[in-house]
Structure formats: structure tokens, C-alpha cells
Amino acid sequence: MGERIGFVGLGIMGGPMAKNLMEADYELVLYNRTKEKAEEIAGDGATVADNPREVAENSDIVVTMLPDSPQVEEVLAGEDGVLEGIGEGSLLVDMSTISPVVTKELAEKVAERGASMLDAPVSGGQPGAEEGSLSIMVGGSEEDFERMRPLFDVMGSAATHVGPVGTGQVVKACNQIVVALTIEAVSEALVLGSKAGVKPEKVVEALSGGLAGSAVMEAKKEKFFGHDFDPGFRVELHHKDLGIALAAGREYGVTLPVTAVVDQMLQDLKMRGRGDLDHSAILTLIEESSGHEIGS
Ligand code: NAP
């Protein structure tokens, strides 16, 4: 019999990831705080548990996909949490984006139960989760990575083992720095080009062919052009992620000066009531301070 998989956290990302595992014929035990979501996804093909402990008791591998460190701590170490049910030889795979420091603390608690942990945050957003094409950054032992690899291959198109536990989260923080700072840079370029009389589409077309071209600009260009800020990836979540990056910089003694500025811009957007918009809404701050909306 194959490994039994527990899945906790069936939100924008976790829902489709769990569905893909079910479609690949894995036997799943699901838990979601709002139970109806778990029941809807389970259909006739999976079992729904009443709490994370029950998930752990009935699985060999437990995957978590939750918003941030406090929620992962609660689901693992809280009452009726995963740690109460996880047994010898089981594997916990946290795919949420959380603090690498908290990850290492939780891995020690998991080890005290005779189980082990991988941190495996993802990039690729909702489309990547639905298509099973996520990029997955994995920290933990080689052995656990190989054990999990068939499942990573269902949920993603590229899983990279980057080092010991906690390093997956470090690399995800690196990823989030590059994405946020690129969105900010493209926003500045578009407003400058547009206010000086060049169509935004022409700016992107010209930049795309050279060194300034990037996957971020390509993925976000239509959102910029159309001022379509439906998420996508919410401002609030990216602000959380830059907070993780800045805390890691403090922990390891690394200066992240421009990350700090963009972190404050995301904070600014939240204060203006735009926390639920796509992170490409950084453009609106440059537009407002420049008195110019691109394409106008
Ligand atoms: P989401 O849609 O907000 O889903 C969060 C899930 O966590 C829901 O199932 C929610 O349950 C559950 N939850 C929240 N608080 C909880 C608690 N205290 N106890 C138990 N369960 C709790 O978030 P998401 O977009 O899927 O993001 C999940 C993670 O993936 C985050 O770390 C995010 O940074 C990362 N990520 C997201 C994207 C993206 O594009 N969205 C891309 C890459 C990485 P309910 O259903 O009851 O609310």
C-alpha cells in the first residue's frame, strides 16, 4: 500500500494542491478550519478529519499549507495539533511561507516525536497550484526529500533541495525579495516612460528583448496595463514575506536596504486599504506620487 497523505489547510493554494494529489490516486486525509471546504474537496475520494491530530494519526506524511508562522505553530503544537498524533517514522512537510527560525524550532519538536520535517515553500501562485507546476524550494534531509519527491512531482514542475531544514524558507525569502523589488522597479519605469510620452506597452516590448526583461514583468504586464489588481498574490501576503526576509537579514547580519523600502511601500498600500489587491498595485503608489496614471 502507498503512503497515506494528510493535508492541512485547503485555501487558495492548499485546495488545488490536495486535489492534484487525489487525482494522482493518493489516499488523503483532509483537515480545514472551515470544515465545509474540506468536505467539498474530499467528495467521495478522501477522508475528512476533525482536527490536525486526527490527520497525523491516520497519515504517514502530513502536508501543511497555512498563512504564516503563528498558524503553523498552532496547527502543530496547539491542542489537538499534529504533534499529538504524529508517530515514529512519519514526515511533516510544511509548504507554507513562514519564518526559517520558527521552522527550525518546529523541526526539533517534530524530531522529539521520532518524526522528521521538510520545509517546502512554493512559488507560482494559484495558477501553479492548479496546474501542478509550482516551483518548490526544499530544506531538510536528502532521504526525506527523496521520499517526498513523487508528491512534489505531482504538485510542482521543479522541486529543488537547497540544504538542511529551514533553508527552503530562506530561499523563498530570497525569491520574494527579487519579485517585490522587480515589481517596484518596473512600476517606476512604466510611470517614467508613460509620463514622458511613451506607451507602457512599448516600454515593456523594448525592455523585454534586453537585460531588463524578466519573468516578473512578463507575468504582471497585463495587470499593469489594465490596472487590473485582482489577486493573484495579495499585497498583505507579500508584506508578510518581506517581514520574514528582513527578520532573516537581522538574524544573519545582512543589510537589505531596498527590501526595507519596498516593505514600507507594501505597508503603505495596506494602510490605504489595498492589502487585498495584487502586489502589482505597487504601481499605484508611484502613479499617485507622480500625478500620472500610466497610459492616460
Ligand atoms: P489562504 O487562501 O488564506 O488559505 C489559508 C488556509 O489556512 C485556509 O485553509 C485557512 O482555513 C487556514 N487557516 C488560517 N488560519 C488558520 C488557523 N489559525 N488554524 C487552522 N487553519 C488556518 O492562503 P494561501 O494563498 O493558500 O497561502 C498559503 C501559504 O502559501 C501562505 O504562506 C502564502 O504566503 C503561500 N503562498 C501563496 C501564494 C498565492 O499566490 N496565494 C503563492 C505562493 C505561496 P479557512 O478555510 O478556515 O480560512
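Order of appearance sets the numbers: ligands from 1, and atoms from 1 within every ligand.
- In terms of protein heavy-atom proximity, atom 48 (O) of ligand 1 is closest to Arg33 NH2, 2.9 Å.
- Near Thr34, the atoms of ligand 1 lying under 4.0 angstrom from a non-hydrogen atom of the residue are 45 (P), 46 (O), 47 (O).
- Residue-level proximity to ligand 1 for Met95 is absent, since no heavy atom of it falls below 4.0 angstrom.
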Which donor-acceptor pairs under 3.5 Å do the side chains of residues 234-255 make with protein atoms, sequence neighbours left out?
unit_1	atom_1	unit_2	atom_2	d
Arg234	NH1	Glu236	OE1	3.0
Arg234	NH1	Asp276	OD1	3.3
His238	ND1	His279	ND1	2.9
His238	NE2	Gln176	O	3.0
His239	ND1	Lys270	NZ	3.0
His239	NE2	Asp263	OD1	3.4
His239	NE2	Gln267	OE1	3.3
Lys240	NZ	Pro67	O	2.9
Lys240	NZ	Thr97	O	2.9
Asp241	OD2	Gln176	NE2	2.8
Tyr252	OH	Lys104	NZ	3.3

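- Contact of the Val93 side chain with the Val62 side chain is not registered, since no non-hydrogen atoms from C-beta on lie closer than 4.5 Å.
- For atom 23 (O) of ligand 1, the nearest protein heavy atom is 4.0 Å or more away.
- Nearest protein heavy-atom neighbour of atom 44 (C) of ligand 1: Val122 O, 3.7 Å.
- For atom 46 (O) of ligand 1, the closest non-hydrogen atom on the protein side is Lys37 NZ, 2.6 Å.
- Salt bridge annotation for Glu57-Arg4: absent, with no cationic side-chain nitrogen under 4.0 angstrom from a carboxylate oxygen.
- Between Glu40 and Lys37 there is no salt bridge, since no side-chain nitrogen of the basic residue lies less than 4.0 Å from a carboxylate oxygen of the acidic one.
- Side chains of His227 and Glu287: a donor-acceptor N/O pair is present below 3.5 angstrom, by distance only.
- Among protein heavy atoms, atom 30 (O) of ligand 1 sits closest to Met65 CE, 3.2 Å.
- Of all the heavy atoms of Val75, the ones lying under 4.0 Å from any atom of ligand 1 belong exclusively to the side chain.
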Please set out all donor-acceptor pairs under 3.5 angstrom arising from side-chain atoms of residues 127-140, sequence neighbours excluded.
unit_1	atom_1	unit_2	atom_2	d
Glu130	OE2	Gln126	NE2	3.3
Glu131	OE1	Ser133	OG	3.4

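- Asp94 and Thr64 share a donor-acceptor pair across their side chains, judged by distance under 3.5 Å alone.
- Across Gly11, Ala38, Pro67, heavy-atom proximity to atom 7 (O) of ligand 1 is greatest for Pro67.
- Looking at Asp94, Leu66, Asn175 and measuring to atom 31 (C) of ligand 1, the nearest heavy atom belongs to Leu66.
- Of all the heavy atoms of Ile12, the ones lying under 4.0 Å from any atom of ligand 1 are found in both the backbone and the side chain.
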